[in-house]
**Student:** 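Attaching a single structure in structure tokens format; questions to follow.
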Amino acid sequence: MTQPDTRTLDVPGASLVYDVRPASGEQRFPTLILAASPMDAGAFGTLASYFPDRTVVTYDPRGTGRGVRTDTTVDSTPRLHADDLVALIDALGTGPVDLFATSGGAVNALELVSGNPELVRTLVAHEPPIAGILPDRDGLVAACADIHDTYLRSGMGPAMAKFITLVGWKGELSDAYFEAPAPDPSAFGLPTEDDGTRDDPLVGQNILSCTGYEPDFDVLSAASTRIVPAAGRESAEEMAGRGGAALAARLGTEVTWFPGNHGGFLGDEYGRPGEPEGFAAVLREVLQPARV
């Protein structure tokens with residue numbers, strides 16, 4: 001695969017940076033966008049390398065990586081991120097795209113399809129952490145609010161320790177989660193001192209609007225976009241994995257299972273490799289029906 005062409009896109013309240021990896025040879029498939037939130041484009045180098053026959057686009061959402069929020073008074077919401085995706089797809093000028101979106105990126109992508117289905121041929125929505133479609137929604141909403149409040153009160157380390165504990169919890173959230181002592185940040189290699197910053201894209205900017213997102217299932221079911229809910233086999237009992245299965249149930253379809261866990265697509269980007277080769281094989285199979 002050729003080296004990416006890095007570009008900048010100014011949108012209301014932010015400046016986005018995206019990378020375009022042109023297809024090798026004739027472009028026979030739609031452009032493929034790989035998206036996450038709050039992960040940035042750096043998460044997808046390995047996965048992108050398995051699709052040399054497609055133009056692959058990755059980007060840094062506003063407030064992450066190279067994506068700069070020029071107006072910090074505006075709340076980050078799925079609708080705002082969806083508007084950014086609309087602007088990105090328009091800037092590409094390649095017509096409707098295929099979109100693999102994971103975690104908060106899947107939430108943003110569902111909102112994109114709700115408003116602009118004509119822009120997306122196939123959406124693979126991998127592990128959207130939507131609390132409201134899960135049976136333990138009240139506990140999950142309370143836990144996410146507590147994480148956000150902890151961040152505002154005590155900073156990154158204590159909040160992220162709670163976040164890691166929450167997202168790794170197996171099965172429905174029980175009283176045991178809330179009755180346990182607050183996790184020690186140092187046990188996760190996190191800072192114990194508060195550095196005073198409060199602009200983290202995960203526990204500061206996006207956690208409440210992302211997990212609190214309420215999909216319009218009537219609109220999604222009627223959309224021209226082919227929506228493929230997905231989850232990792234190893235994370236099926238965790239909040240985001242359960243979100244993928246619940247999304248499938250609400251849309252009246254089957255969940256597509258990918259190898260690995262929530263980060264099954266990762267190579268060695270963060271030192272915690274998943275199963276990218278097997279992951280890419282499933283993704284290719286899922287996208288195969290959509291040709292230019």
Side-chain angles (χ1 to χ4, degrees), residues 4-22 30-45 47-48 54-126 128-130 148 197-216 219-220 223-225 227:
D5 175 17
T6 298
R7 306 173 187 175
T8 301
L9 175 64
D10 290 330
V11 295
S15 179
L16 310 179
V17 176
Y18 64 103
D19 303 310
V20 180
R21 296 169 172 84
T31 293
L32 173 60
I33 295 179
L34 306 176
S37 180
M39 274 187 174
D40 58 34
F44 292 115
L47 184 59
R54 287 178 179 258
T55 293
V56 178
V57 177
T58 57
Y59 85 111
D60 293 354
R62 61 174 64 214
T64 69
R66 301 162 297 174
V68 178
R69 298 169 72 207
T70 56
D71 183 354
T72 58
T73 66
V74 177
D75 291 336
S76 292
T77 64
R79 181 65 256 167
L80 191 61
H81 287 298
D83 289 342
D84 290 347
L85 283 166
V86 170
L88 173 59
I89 294 169
D90 285 347
L92 292 172
T94 59
V97 302
D98 284 344
L99 175 55
F100 169 79
T102 184
S103 193
V107 174
N108 301 336
L110 289 168
E111 180 63 14
L112 167 66
V113 168
S114 292
N116 300 89
E118 75 282 357
L119 297 180
V120 184
R121 294 176 185 244
T122 297
L123 164 62
V124 181
H126 179 255
I130 306 173
H148 182 68
T197 61
R198 295 295 184 270
D199 58 355
D200 182 73
L202 174 56
V203 293
Q205 297 171 29
N206 290 292
I207 188 170
L208 297 183
S209 62
C210 175
T211 58
Y213 177 65
E214 298 181 2
D216 188 328
V219 170
L220 290 173
S224 57
T225 302
I227 302 174

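Because only heavy atoms are used, hydrogens play no part in the values below, and waters and symmetry mates are left out as well, while side chains stay in.
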**Student:** Quick one, Leu99 and Ile89 - any side-chain contact, counting heavy atoms below 4.5 Å?
**Tutor:**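 Answer no - side chains too far apart.
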**Student:** Measure across Pro30 and Pro96 and return the closest heavy-atom pair with its distance rounded to 0.1 Å.
**Tutor:** CB-O, 3.9 Å
**Student:** Which residue pairs satisfy the side-chain hydrogen bond (donor to acceptor under 3.5 Å, both in side chains) criterion with at least one member in residues 202-212, sequence neighbours excluded?
**Tutor:** His81-Asn206
**Student:** Under the salt bridge (Lys or Arg N to Asp or Glu O under 4.0 Å) criterion, do Asp83 and Arg62 qualify, and how do the steps go?
**Tutor:** CA-CA 11 Å; Asp83 289 342; Arg62 61 174 64 214; over 6 Å; no
**Student:** Quick one: does any side-chain atom of His126 pair with a main-chain N or O of Ala101 as donor and acceptor, under 3.5 Å?
**Tutor:**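 No, the answer is negative, given that no donor and acceptor are paired below the 3.5 Å cut-off.
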**Student:** Counting only N and O atoms by type, is there a donor-acceptor contact under 3.5 Å from the side chain of Asn116 to the main-chain atoms of Leu119?
**Tutor:** no
**Student:** Would Thr72 and Asp199 count as a side-chain contact (heavy atoms from CB on, under 4.5 Å) if you check the C-alpha gap in whole Å, the side-chain angles of each, and the deciding distance to 0.1 Å?
**Tutor:** CA-CA 9 Å; Thr72 58; Asp199 58 355; over 6 Å; no
**Student:** Nearest 0.5 Å, what's the OG-CG distance between Ser37 and Asn108?
**Tutor:** 5.0 Å
**Student:** List the atom of Ala109, the atom of Leu123, and the distance in Å for their closest heavy-atom pair.
**Tutor:** CB-CD1, 3.5 Å
**Student:** Backbone N or O of Asp60 within a donor-acceptor pair of the Thr64 side chain at under 3.5 Å?
**Tutor:** no
**Student:** Decide side-chain contact (heavy atoms from CB on, under 4.5 Å) for Val97 and Thr94; before the verdict, give the C-alpha distance in whole Å, the side-chain angles of both, and the deciding distance to 0.1 Å.
**Tutor:** CA-CA 8 Å; Val97 302; Thr94 59; 4.3 Å; yes
**Student:** Is a side-chain N or O of Thr70 found less than 3.5 angstrom from the main chain of Gly13, in a donor-acceptor match?
**Tutor:**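 Looks like yes, one N/O pair under 3.5 Å.
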**Student:** Salt bridge (Lys or Arg N to Asp or Glu O under 4.0 Å), that's the test. Do Asp98 and Arg54 meet it? Break it down for me.
**Tutor:** CA-CA 10 Å; Asp98 284 344; Arg54 287 178 179 258; 3.0 Å; yes
**Student:** Could you check whether any side-chain heavy atom of Pro129 comes within less than 4.5 Å of a side-chain heavy atom of Cys210, counting everything from C-beta outward?
**Tutor:**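 A side-chain contact under 4.5 Å exists here.
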**Student:** Backbone N or O of Thr77 within a donor-acceptor pair of the Asp75 side chain at under 3.5 Å?
**Tutor:** no
**Student:** Taking the side chain as every heavy atom from C-beta outward, state whether Ser15 and Thr8 have any atom pair closer than 4.5 Å.
**Tutor:**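 In contact.
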**Student:** Just so I know, are the side chains of Tyr59 and Leu85 near enough to count as touching, which here means a heavy-atom distance under 4.5 Å?
**Tutor:**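 Yes. Closest side-chain heavy atoms under 4.5 Å.
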**Student:** Parallel, tilted or perpendicular: which fits the ring planes of Phe100 and Phe44, with parallel below 30° and perpendicular above 60°?
**Tutor:** perpendicular
**Student:** Roughly how far, to the nearest 0.5 Å, is OG1 of Thr6 from CG of Asp19?
**Tutor:**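 Answer for the CG-OG1 pair, Asp19 versus Thr6, is 4.0 Å.
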**Student:** In sequence, state the C-alpha distance, the side-chain angles, and the governing distance for Leu112 and Thr225, and then conclude on side-chain contact (heavy atoms from CB on, under 4.5 Å).
**Tutor:** CA-CA 10 Å; Leu112 167 66; Thr225 302; over 6 Å; no
**Student:** Write down the atom of Gly204, the atom of His148, and the distance for their closest heavy-atom approach.
**Tutor:**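 Reported closest heavy-atom pair: O-CE1, 3.2 Å.
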**Student:** Distance from Leu9 atom CG to Asp84 atom CG, nearest 0.5 Å?
**Tutor:**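 Answer for the CG-CG pair, Leu9 versus Asp84, is 8.0 Å.
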**Student:** When rounded to the nearest 0.5 angstrom, what is the spacing between CE in Met39 and CG in Leu202?
**Tutor:** 10.5 Å
**Student:** Please test Leu47 against Leu34 for side-chain contact (heavy atoms from CB on, under 4.5 Å), starting from the C-alpha separation and ending with a verdict.
**Tutor:** CA-CA 9 Å; Leu47 184 59; Leu34 306 176; 4.2 Å; yes
**Student:** Atom CD in Glu214, atom CD in Glu111: separation rounded to 0.5 Å?
**Tutor:** 11.0 Å
**Student:** If we ignore hydrogens and angles and just use 3.5 Å, is the side chain of Arg66 paired with the main-chain N or O of Ala41 as donor and acceptor?
**Tutor:**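 No; zero donor-acceptor contacts below 3.5 Å.
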**Student:** Look up atom CD1 in Ile207 and atom OG in Ser76, then write down how far apart they are to the nearest 0.5 Å.
**Tutor:** 13.0 Å
